[in-house]
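Contents: one structure, followed by commentary.
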Amino acid sequence: VYAYTVQNDGSLAVTCKDKNIVNAEIPAEIDGYMVTALAEDCFLDCTSLETVTFPTSVKKLNDSAFSGCSALDSITIPAHIMEIGSFVFEGCTSLSEIAVAPESTTFCSDNGVLYNFDKSLLIRYPAAKTDESYTVAPECRTIEPWCFTDCAYLQTLAMSEVNAIGADAFFYATALEEVYLSEGITELIGPSFAYCTSLKKVELPSTLKSIGQKCFYGCVNLQVIALPDGLETIGEMAFYGCVQMKEMLVPSTVKEIGEMGIGYSVDPETNENTIIKDFKMKTLTGSKASNYARSNGIRYSAKATAGFITLW
């Protein structure tokens, strides 16, 4: 059932060869070698997998170990697991709980949500967890990349002390409606909220400097967003497809706006890029945003000292 590679220390990392496996029992040893890790992509797209039993010899779950295991609805991380790689539970669309053995001194679970032991790092929010709201633990400072992807039920998310969010953290969280980001966060990396099709409200921190490429791509219900003074960069296609957003006030601190960063969508008839109907920008005269609006043929209002005047 398992193939293996011999690691530098002589122990094995195993990969499951049976894509139809339902109940997996990881062997403690194969051919006289101790099994200490699940290899990268160990159970990749094992869509029938329901349970996993680990021997005490296993210490590490490598990247994407359970990726695409769409039937897996719960899992318990044993105390002997010392390391969990990236994207381990990506595509586990039925996963509602990640439990951790109480004896663990490396990881912990907060109502089914996986953290490191001191909760400074949020590793994974289960995609099928049915709670409609969640507040990140106050001890948390960092959210892992792809942490909330594919969340089907979560509607409201709040945090108080987080200062770093990994790339694509909320990608395709289609039920998400409101997000309250904490002060201290300086950048949103990549398509953080792309395809959050229910998203209506995002409270951005005053510390935010950069909105990444395709950050809010396809957020078709996002109508209003307050960009903070101090924001410097808006990435390429950052707000592409936000068709309900008819106006945006862009602060004068913005120094860079990527191609189609603001005000664009796809024309459903021609399938070509087009400016959102009735969209208008507000900014300061001579700012990067006013130059962007002019060069893209977007209606805008600009002010020099007080009040806005429509210039185009």
Side-chain angles (χ1 to χ4, degrees), residues 1-19 21-30 33-110 112-129 140 142-151 166-169:
V1 177
Y2 295 96
Y4 64 81
T5 56
V6 180
Q7 303 178 101
N8 291 336
D9 64 358
S11 66
L12 304 184
V14 295
T15 301
C16 181
K17 298 187 293 182
D18 181 6
K19 291 297 182 182
I21 194 167
V22 176
N23 301 302
E25 294 188 9
I26 312 298
E29 64 174 52
I30 301 175
Y33 294 93
M34 182 178 294
V35 175
T36 62
L38 302 192
E40 183 175 347
D41 299 334
C42 178
F43 290 100
L44 178 67
D45 294 335
C46 290
T47 56
S48 299
L49 182 67
E50 295 180 359
T51 66
V52 184
T53 303
F54 299 93
T56 56
S57 60
V58 172
K59 309 298 182 186
K60 182 178 182 180
L61 310 179
N62 277 294
D63 294 354
S64 306
F66 294 101
S67 183
C69 294
S70 55
L72 188 67
D73 63 8
S74 66
I75 192 169
T76 298
I77 307 298
H80 49 80
I81 299 294
M82 305 302 292
E83 186 175 348
I84 295 177
S86 301
F87 317 118
V88 167
F89 300 107
E90 180 58 33
C92 295
T93 53
S94 297
L95 190 63
S96 61
E97 179 186 29
I98 305 172
V100 176
E103 301 83 11
S104 177
T105 58
T106 308
F107 303 102
C108 74
S109 179
D110 175 29
V113 179
L114 182 63
Y115 287 84
N116 67 344
F117 184 68
D118 65 4
K119 293 186 179 179
S120 62
L121 176 66
L122 174 47
I123 299 170
R124 180 71 211 196
Y125 186 97
K129 184 175 172 61
C140 184
T142 303
I143 293 175
E144 280 274 84
W146 291 69
C147 183
F148 289 89
T149 54
D150 297 322
C151 285
D168 312 350

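Predicted model only: the values in this text are computed from it and were never measured. The residues of the chain are indexed from 1 along the displayed sequence.
- Residues in residues 8-17 take part in no salt bridge (charged side-chain N to carboxylate O under 4.0 Å, His left out) pair, two or more places apart or across chains.
- In this structure, Lys19 contributes its side chain and Ser48 its backbone to no donor-acceptor pair below 3.5 Å.
- Heavy atoms from other residues, nucleotides or ligands lying under 6.0 Å from CD of Gln7 number more than 12.
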Check: Going through the distances and angles, do Ile84 and Leu114 end up as a side-chain contact (heavy atoms from CB on, under 4.5 Å)?
Finding: CA-CA 11 Å; Ile84 295 177; Leu114 182 63; 4.0 Å; yes
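- For Ser109, the side chain to side chain contact (heavy atoms under 4.5 Å, CB included) criterion is met by Val100, not counting sequence neighbours.
- Residues Ala127 and Cys92 approach most closely at CB-O, 3.8 Å, considering heavy atoms.
- In this structure, CG in Asn23 is found 3.5 Å from OG1 in Thr51, a value given to the nearest 0.5 Å.
- Here the CD1-SG distance, from Ile98 to Cys108, works out to 11.5 Å after rounding to the nearest 0.5 Å.
- Counting only residues at least two apart or in different chains, side-chain hydrogen bond (donor to acceptor under 3.5 Å, both in side chains) contacts with residues 62-77 comprise Lys60-Asn62.
- Put simply, the side chain of Ile123 reaches to within 4.5 Å of the side chain of Phe107, judged on heavy atoms.
- Remark: Glu97 engages no residue in a side-chain hydrogen bond (donor to acceptor under 3.5 Å, both in side chains) (not counting sequence neighbours).
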Under 3.5 Å donor-acceptor pairs involving side-chain atoms of residues 142-149, not counting sequence neighbours:
from, atom 1, to, atom 2, distance (Å)
Trp146, NE1, Asp168, OD2, 3.1
Thr149, OG1, Glu90, OE1, 2.9
Thr149, OG1, Arg124, NH1, 3.1
Thr149, OG1, Trp146, O, 3.1

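- Residues passing the side chain to side chain contact (heavy atoms under 4.5 Å, CB included) test with Asn8, sequence neighbours excluded: none.
- Within the structure, no pair that satisfies the salt bridge (charged side-chain N to carboxylate O under 4.0 Å, His left out) test touches residues 34-48, not counting sequence neighbours.
- Atom-to-atom distance recorded for Ile81:CD1 and Thr56:OG1 is 10.0 Å, nearest 0.5 angstrom.
- Rounding to the nearest 0.5 angstrom, the gap separating the CD atom in Glu29 from the OH atom in Tyr4 is 11.5 Å.
- With a 4.5 Å cut-off on side-chain heavy atoms, Val35 and Val58 count as touching.
- Counting only residues at least two apart or in different chains, ring-ring contact (aromatic ring centres under 6.0 Å, His included) contacts with residues 61-85 comprise Phe43-Phe66, Phe66-Phe89.
- The side chain to side chain contact (heavy atoms under 4.5 Å, CB included) search around Ala28 returns Pro55, Ser57, not counting sequence neighbours.
- Residues Thr53 and Ile26 form no side-chain contact, since every pair of their non-hydrogen atoms from C-beta on lies 4.5 Å or further apart.
- The side-chain heavy atoms of Val1 and Cys16, taken from C-beta on, include a pair separated by under 4.5 Å.
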Indicate every side-chain donor-acceptor pair of residues 115-122 with a distance under 3.5 Å to a residue at least two apart or in another chain.
from, atom 1, to, atom 2, distance (Å)
Tyr115, OH, Tyr134, OH, 2.7
Tyr115, OH, Ala137, N, 3.0
Asn116, OD1, Lys119, N, 3.2
Asn116, OD1, Ser120, N, 3.0
Asn116, OD1, Leu121, N, 2.9
Asn116, ND2, Asp118, OD1, 3.2
Asn116, ND2, Ser120, OG, 3.0
Asp118, OD1, Ser120, N, 3.0
Asp118, OD1, Ser120, OG, 2.7

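- Here the OG1 atom belonging to Thr106 is positioned 11.0 Å from the CD1 atom belonging to Ile77, to the nearest 0.5 angstrom.
- In this structure, Ala79 and Ala101 approach most closely via the heavy-atom pair N-CB, 3.6 Å.
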